[in-house]
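A short write-up of the structure that comes next.
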Amino acid sequence: MTAPLLPAQLSIVVPTFNESQNVGLLVDLVDKALPGIAWELVFVDDNSPDGTSDTARALALTNPRVRVLQRVGRRGLSSACVEGILATSAPYVAIMDADLQHDETILKAMFERISEGDVDLVVGSRYVEGGGMGEWSESRIKMSQFATKLALRLTQTPISDPMSGFMMMRRDAFMRSLPHLSTVGFKILLDIAASAPTPLRVAEVPYTFRTRQFGESKLDSLVLWEYVQLLLDKMVGHLVPVRFLSFAMVGGLGVFVHFAVLTALFKGFDQTFSAAQTAATLVAITSNFLLNNMFTYRDQRLKGWALLRGWISFNLVCAFGAAANVGVADWLFSHKSYWALSALAGITVSVVWNYVMSAFFTWKKKG
Ligand code: GDD
Ligand code: MN
């Protein structure tokens, strides 16, 4: 360990989830890569079951440049990065992964470039001359390139690798994006670029993506859904919250589930209409609950007993929502409103009710 130069000129924010085998190695490598630069490093750990927070705190006890921000009951790569940046003060901030896939030896070049003062953001890029994908599968490369094309349309900022999770930026530039950030999902760079009030001035430094040695990737198929949410939020988020869109979409799906169960029981199994309707309602509410828990509230997913409690509260919320639906529709219809419009108004009221109340009772944020 070289003697720390503080206060820090460069704050490096490293999101972690189950990276306890990597954090020590990363600090050593960064230390070698940034001689003579006053850097600090903050791990933002979402209470990893493998004890990454404790491992990182042990490092912090021997190295004053290292700190830990431990978040409990939360998940999310982008939000972790944002909170990490906000917990630091240096004029320049970097974001990099903990798993050693990002080549720390380019940090120095990134720092020199951003210090020149004519750019807001330096991106570690796999797509400019000299960079590379390392050992990525064909299908993941294809997917990444497709997402990249979509991203370019959105940000209007010429970044060859907008999916990169490796970057360095001026704090003042970040602060200008901050009020407009979506902070859903994995794509923090894209979020920052698309949220900037005026296009960012960007430079890129090539690197080759390394292969992970320890631990595993957290990128799963739901990351694609989060990406869609991010794009939606950037396009229509100023009009309606994306969470509400997702909630309403799940509700729409629930109508199909309802009719499928109803038809099967009533027509297929000769049940009475009222029995079939009751069963269909229960199944639809339950499937809506589980889908919302998986997609709409992926960042605060309920598990175990909390899942059961959430299911009960969701049933109660929906029961009141249904009563409001019928009440409003009835009232409108009896006051000479067209029947289909009355029904639509009833549905709208119940969707909004269910959304607001379930946000409050079923998926309420802790603290
Ligand atoms: N705090 C926190 N919370 N950290 C997380 C979470 C989370 O929910 N999910 C992942 N991380 C951390 C991981 O521990 C790792 O340090 C980093 O975020 C990247 O996660 P990986 O699971 O290794 O992602 P990847 O390698 O598949 O994808 C990376 O590379 C892509 C290409 O550059 C990420 O950086 C992507 O954002 C990037 O697009
Ligand atoms: Mn990785």
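In each ligand, atom 1 is the first atom listed, and ligand 1 is the first ligand listed.
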- Which is closest to atom 6 (C) of ligand 1 by heavy-atom distance: Phe43, Phe17, Phe209? Phe17
- Query: Any N or O of Tyr207 that comes nearer than 3.5 Å to an N or O of ligand 1?
  - Reply: no
- Note on the structure: ligand 1 atoms nearer than 4.0 angstrom to some heavy atom of Lys187 are 36 (C), 37 (O), 38 (C), 39 (O)
- Message: So if I apply the side chain to side chain donor-acceptor pair (under 3.5 Å) rule between Asp299 and each of Arg243, Arg75, Arg74, which one comes out positive?
- Response: Arg243
- Test ring pair (Phe, Tyr, Trp, His ring centres under 6.0 Å), reference Trp363, set Phe289, Phe247, Phe295, Tyr355, output is Phe289
- Query: With distance as the sole criterion, is a donor-acceptor pair present between the side chains of Trp311 and Thr286 under 3.5 Å?
  - Reply: yes
- Do ligand 1 and Asp45 have nitrogen or oxygen atoms that lie under 3.5 Å from each other? no
- Should we say atom CD of Glu116 is surrounded by more than 12 heavy atoms from elsewhere, each under 6.0 Å from it? yes
- Task: May I ask you to decide whether Asp99 forms a salt bridge with Arg210, counting only side-chain N to carboxylate O separations under 4.0 Å?
- Result: no
- Can you find a non-hydrogen atom of Arg126 under 4.0 Å from ligand 1? yes
- Does a donor on one side chain and an acceptor on the other come within less than 3.5 Å for Glu204 and Ser160? yes
- Task: Give the numbers and elements of all ligand 1 atoms closer than 4.0 Å to a heavy atom of Ala98.
- Result: 16 (O)
- Message: Judged on heavy-atom distance to atom 3 (N) of ligand 1, which of Ile188, Leu190, Asp46, Leu69 sits nearest?
- Response: Asp46
- Note on the structure: With heavy atoms and a 4.0 Å threshold, my read on which part of Ser217 contacts ligand 1 is both
- For Glu19, the atoms of ligand 1 under 4.0 Å from one of its heavy atoms are 13 (C), 14 (O), 15 (C), 16 (O)
- Task: May I ask which of Leu77, Val44, Asp299, Asp161 has a heavy atom nearer to atom 11 (N) of ligand 1 than the others do?
- Result: Leu77
- Judged by non-hydrogen atoms, does Arg74 sit under 4.0 Å from ligand 1? no
- Task: Heavy-atom distances under 4.0 Å are what count here, so tell me which part of Arg212 touches ligand 1: side chain, backbone, both or neither.
- Result: side chain
- Task: Identify which protein N/O/S atoms are less than 2.8 Å from the Mn ion (ligand 2).
- Result: Asp99 OD2, Gln101 OE1
- Query: Looking at Met167, Met169, Met163, which one forms a side-chain contact (heavy atoms from CB on, under 4.5 Å) with Leu189?
  - Reply: Met167
- Query: Under 6.0 Å from the CZ atom of Phe244, do we count more than 12 heavy atoms belonging to anything else shown?
  - Reply: yes
- Query: Numbering the atoms of ligand 1 from 1, which are under 4.0 Å from a heavy atom of Asp99?
  - Reply: 23 (O), 26 (O)
- Just which atoms of ligand 1 are under 4.0 Å from any heavy atom in Met163? 32 (C), 33 (O), 38 (C), 39 (O)
- By number and element, which atoms of ligand 1 are closer than 4.0 Å to a non-hydrogen atom of Ser164? 33 (O)
- Message: Testing the basics here: between Ile12 and Leu34, what is the closest heavy-atom pair and its distance to 0.1 Å?
- Response: CD1-CD1, 3.8 Å
- Query: Considering only heavy atoms of Gly76, which atoms of ligand 1 have at least one such atom less than 4.0 Å away?
  - Reply: 3 (N), 7 (C), 8 (O)
- Message: Which label fits His102 and Phe166: parallel for a plane angle under 30°, tilted from 30 to 60°, or perpendicular past 60°?
- Response: parallel
- For Arg126, does its backbone N or O pair with a side-chain atom of Asp161 as donor and acceptor, under 3.5 Å? yes
- Inspect the contact between Asp45 and Arg71 and indicate whether a charged nitrogen and a carboxylate oxygen are less than 4.0 angstrom apart. no
- Can you label the angle between the Trp331 ring and the His335 ring as parallel, tilted or perpendicular, going by 30° and 60°? parallel
- Message: Under 4.0 Å between a side-chain nitrogen and a carboxylate oxygen: does that hold for Glu19 and Arg212?
- Response: yes
- Message: Need the ligand 1 atom indices (1-based, order shown) with element for anything under 4.0 Å from a heavy-atom of Ala80.
- Response: 1 (N)
